[in-house]
> 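Below: one structure in structure tokens.
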Number of protein chains: 2
Amino acid sequence: MSTQKTALVIDDHPLVARGIAAFLESHCSFDVVKAVSNIDDLWNVIDPANPPQMIILDFWLPDGASLPMLSQLKIKYPNTLILVVSADDDIAVQRKVQVAGAHGFINKQESTVIFVQAVSNLLSGQTWFANTTQQKAPNNHSRELAVTAKELGLTARQGEILALILNGLPNKRIAQKLSLSEQTVKEHVSGILSRLGVSNRIEAITKLRGNRLE
Amino acid sequence: MSTQKTALVIDDHPLVARGIAAFLESHCSFDVVKAVSNIDDLWNVIDPANPPQMIILDFWLPDGASLPMLSQLKIKYPNTLILVVSADDDIAVQRKVQVAGAHGFINKQESTVIFVQAVSNLLSGQTWFANTTQQKAPNNHSRELAVTAKELGLTARQGEILALILNGLPNKRIAQKLSLSEQTVKEHVSGILSRLGVSNRIEAITKLRGNRLE
DNA sequence: ATTAAACCCCTACTTCAGGGGGGTTCTCAA
DNA sequence: TTGAGAACCCCCCTGAAGTAGGGGTTTAAT
């Protein structure tokens, strides 16, 4: 139980909070994800002796309460990762939460795959903030639920193999289908797994569950 | 598959859409809940021969596209229930969607319990609008569904373990979680696999993808 | 009282998955 | 020209997954 990975979602819309929590539980390797919609509830839900590994915080809480709350969270639970989500893509908002000490900022319009990547980045000790110079391009082109190999940072071959993995094929059958040696398939699989930040194909499947590839 | 109960969630924020979909799958009696974030995708996702029982539609889509879309949906799929959700509680919004033919309207700030009630009301043929001539029928039939119950020939323990398998947990962690020996878990896994007619857990996951265990 | 089924544990054993070494080509860019 | 990256192949090794034996308990039904 000391190894329980827990997270907490704060959003003033209960349905959204519960929904994101459910998503995190099924896609991001958390054991328990709680959801709160009321700012007062927040402090009751957190166990001071065992704070969550990560808090997903909606930026647009009533009365602009999110930034002060962020500061309080940083003080009380300095080891908790804080990922701020927002519905608007004003770069000023990101800068605000960044200086306030959040570990990551992500737009609600981002695809779920990007969201999963952001979460795993934070979990591995990195941060997640949009680069103000580039960005923009990838997600405007619609089709949010369909994921391309490029969006995942995969090569064409890797994307091809990932599609077969997601269909449940073992390496041997992938090799037959693509006329490759099984060893070569393993190489590609290893590349895919490390790129996705998972440790085996099952995690890859459950992580990308609900998304179509290509 | 003709008895599959499906729903569709439309929200321009992918995470919210997927989150609500996950919530519906786990808390309402739907077998499959799809999520789309792009208006163009909507028409591709719907199978005209087998439209979803219910569509959850975010009111604040870009360019005010929700009302025209609502009308189109009513024409093409008159039997599909439409529940509109919105972040603001302007009564005028509700009136608009009501005259446009929606079966229900609910605020995102409502508790999840209310949301579940609204969904089951619609499913039972009633409507759900605030402030009008309707009363909150308190849980007329609480058929807590059977989304994908163990009634696929699995014992209680097997269902419990299958749920963990579908979340991507390896045998060792399943054993820890249930305080069992790893070997015992393997026994149950073997039982599950032969019962489901698959040869390994990956096939089980891909076979049951989209279904949620209780 | 006996049987059956669900549950639990053990020792093997085989196969697969994934990581670690080696390599080889080919292409593209500095 | 050199170098980097992608795609391909091979061998070895660890560990997980799954099967097949062997035990055992409890509970419910016959």
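Just so it is clear, the structure is predicted and the values come from calculations on it, not from any experiment.
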> Can you measure from CG (N171(B)) to CZ (R201(B)) and round to the nearest 0.5 angstrom?
4.0 Å

> Decide yes or no for H188(B) and R157(B): does some side-chain heavy atom of the first lie under 4.5 Å from some side-chain heavy atom of the second?
yes

> Rounded to the nearest 0.5 Å, what separates atom OG in S190(B) from atom CG in N200(B)?
11.0 Å

> Round to the nearest Å and state the distance from R195(A) atom CZ to dG5(D) atom P.
11 Å

> I106(B): what forms a side chain to side chain contact (heavy atoms under 4.5 Å, CB included) with it, not counting sequence neighbours?
L83(B), V85(B), E110(B), I114(B), F115(B), A118(B), W128(B)

> E203(A) CD to dA17(C) P: how many Å, rounded?
16 Å

> For K172(A) and dA17(C), give me the distance from atom NZ to atom P, rounded to whole Å.
8 Å

> Test of understanding: with side chain to side chain donor-acceptor pair (under 3.5 Å), list the residues that count as partners of S181(A), not counting sequence neighbours.
T184(A)

> Under the side chain to side chain donor-acceptor pair (under 3.5 Å) rule, what pairs show up with a residue in residues 6-25 of chain A, not counting sequence neighbours?
D11(A)-K108(A)

> For the helix from dA1(C)-dT30(D) to dA30(C)-dT1(D), figure out the bend between the end axes, five pairs an end, and round to 10 degrees.
30°

> Report the distance from atom CG of L178(B) to atom CZ of R173(B), rounding to the nearest 0.5 Å.
11.5 Å

> Filter on salt bridge (charged side-chain N to carboxylate O under 4.0 Å, His left out), then keep only pairs touching residues 177-194 of chain A, sequence neighbours left out; what's left?
none

> Once you apply a heavy-atom cut-off of 4.0 Å, does S181(B) come out as touching a base, just sugar-phosphate, or nothing?
sugar-phosphate

> Calculate the interatomic distance between R157(B) atom CZ and dT26(D) atom P; express it in whole Å.
17 Å

> Has H188(B) got a side-chain N or O lying under 4.0 Å from the OP1 or OP2 atom of dC8(C)?
yes

> R173(B) CZ to dG15(D) P: how many Å, rounded?
19 Å

> E160(B) has an atom CD; how far is it from atom C1' of dC8(C), in whole Å?
14 Å

> For the atom pair CD1 (I205(B)) and CG (N167(B)), what is the distance rounded to the nearest 0.5 Å?
9.0 Å

> Please report, rounded to the nearest Å, how far the P atom of dA5(C) is from the CG atom of L154(B).
16 Å

> Strictly under 4.0 angstrom, non-hydrogen atoms only: write out the protein contact profile of nucleotides 18-30 of chain C, one letter per nucleotide from the 5' end, B, S or -.
BS-B---------

> Tell me the interatomic distance from I174(A), atom CD1, to dA7(D), atom C1', rounded to whole angstroms.
16 Å

> For T155(B) and dA6(C), is the shortest distance between a side-chain N/O and OP1 or OP2 below 4.0 Å?
no

